[in-house]
2 protein chains.
Amino acid sequence: MSINKRIGNRILALRKTQNLSQEALAHKANVDRTYITGVETGKRNVTVRVLERIILALESNFATFFNDKAFQDEK
Amino acid sequence: MSINKRIGNRILALRKTQNLSQEALAHKANVDRTYITGVETGKRNVTVRVLERIILALESNFATFFNDKAFQDEK
DNA sequence: ATGTGACTGTGAGTCCGTT
DNA sequence: AAACGGACTCACAGTCACA
């Protein structure tokens, strides 16, 4: 699984726990709604600056975001 | 502190523990040597795909990389 | 409410070199 | 060994009409 898809899945999962629509998340993160779609579906290769905005909009942080089984299988 | 600088500092710290030069890390991560300089000094806004290569070259993973005080101060 | 294809401007990433 | 600079290509940020 590509890093883009793992990140997209993680964002989707966190968004669901917050009961947010893509549109609501996009608004909080100050990005376009269709951009969230692209990220969640793994089509976008995000930079850390934009990823930070999305993570903060999910009321999380980098440490928590990547503290997930999907990000421990490497090394 | 910007996310770029926090990531740069983390890469620098991990690289030091591995006793790698920027050039050696660049070679392992398959990126340009001047790019590592830019990332470590916080001037570059890396994409997650390249960040993954650097993290793997540091023989780490995303979960461990971001499991650091510098990435827990947000939220 | 989510997904796709296409578009433009800017910056990611490379390659040459110098300090 | 590390930082920096210029010039370059191509991909990402950001947006839209449409499905």
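Fair warning: this is a prediction, and the values are worked out from it, not measured in the lab. A note on names: the letters A, B, ... follow the listed sequences, proteins ahead of strands, and every chain is numbered from 1.
- Contact check, R15(A) against dT2(C): a side-chain N or O comes under 4.0 Å of OP1 or OP2.
- Contact annotation for S21(B): backbone-only contact, meaning every heavy-atom pair under 4.0 Å involves sugar-phosphate atoms and none involves a base.
- Residue K43(B) places at least one side-chain N or O under 4.0 Å from the OP1 or OP2 atom of dC4(D).
- Rounded to the nearest 0.5 angstrom, T47(A) OG1 and N45(B) CG are separated by 4.0 Å.
- For the pair N4(A) CG and dA11(D) C1', the interatomic distance rounds to 12 Å; values are reported in whole Å.
- Mapping N30(A) and L20(B) onto DNA chain D by nearest heavy atom places L20(B) at the nucleotide closer to the 5' end.
- Nucleic acid contact class of D32(A) (heavy atoms, under 4.0 Å, all strands): base.
- The backbone N or O of A70(A) sits less than 3.5 Å from a side-chain atom of R6(A), completing a donor-acceptor pair.
- For the pair E40(A) CD and dT4(C) C1', the interatomic distance rounds to 15 Å; values are reported in whole Å.
- Remark: the T34(A) side chain and the dC16(D) base include a donor-acceptor N/O pair separated by less than 3.5 Å.
- Taking atom CG on L12(A) and atom P on dT2(C), their separation rounds to 9 Å, with Å as the unit.
- Distance I11(A) CD1 to dT2(C) C1': 15 Å, rounded to the nearest Å.
- Proximity note for V50(A) (side chain, C-beta onward) versus dC12(D), dA13(D), dA1(D): the nearest is dA13(D).
- Look at Q22(B) and you won't find any side-chain N or O under 4.0 angstrom from OP1 or OP2 of dA1(D).
- Distance CG (N19(A)) to C1' (dA1(C)): 14 Å, rounded to an integer number of Å.
- Counting distance only, with no hydrogens placed and no angle test, the side-chain atoms of R44(B) and the base atoms of dG13(C) include a donor-acceptor pair under 3.5 Å.
- Nucleotide dA11(D) holds its C1' atom 16 Å from the CZ atom of R49(A), rounded to whole Å.
- T64(A) and R10(A) get closest at one heavy-atom pair: O-NH2, 3.1 Å.
- Computed from coordinates, the Y35(B) OH to dG5(D) P distance equals 17 Å when rounded to whole Å.
- Closest non-hydrogen pair, E40(B) versus Q22(B), comes out as OE1-NE2, 3.0 Å.
- Positionally, the nearest nucleotide of DNA chain D for R33(B) lies more toward the 5' end than for the other of R33(A) and R33(B).
- A sub-4.0 Å separation between OP1 or OP2 of dG11(C) and a side-chain N or O of N45(B) is absent.
- The shortest distance between the side-chain N/O atoms of T47(B) and the OP1/OP2 oxygens of dG13(C) is below 4.0 Å.
- Distance E52(B) CD to dG13(C) P: 13 Å, rounded to the nearest Å.
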Candidate pair F65(A) and F71(B), rule side-chain contact (heavy atoms from CB on, under 4.5 Å), full reasoning: CA-CA 10 Å; F65(A) 185 87; F71(B) 302 110; over 6 Å; no

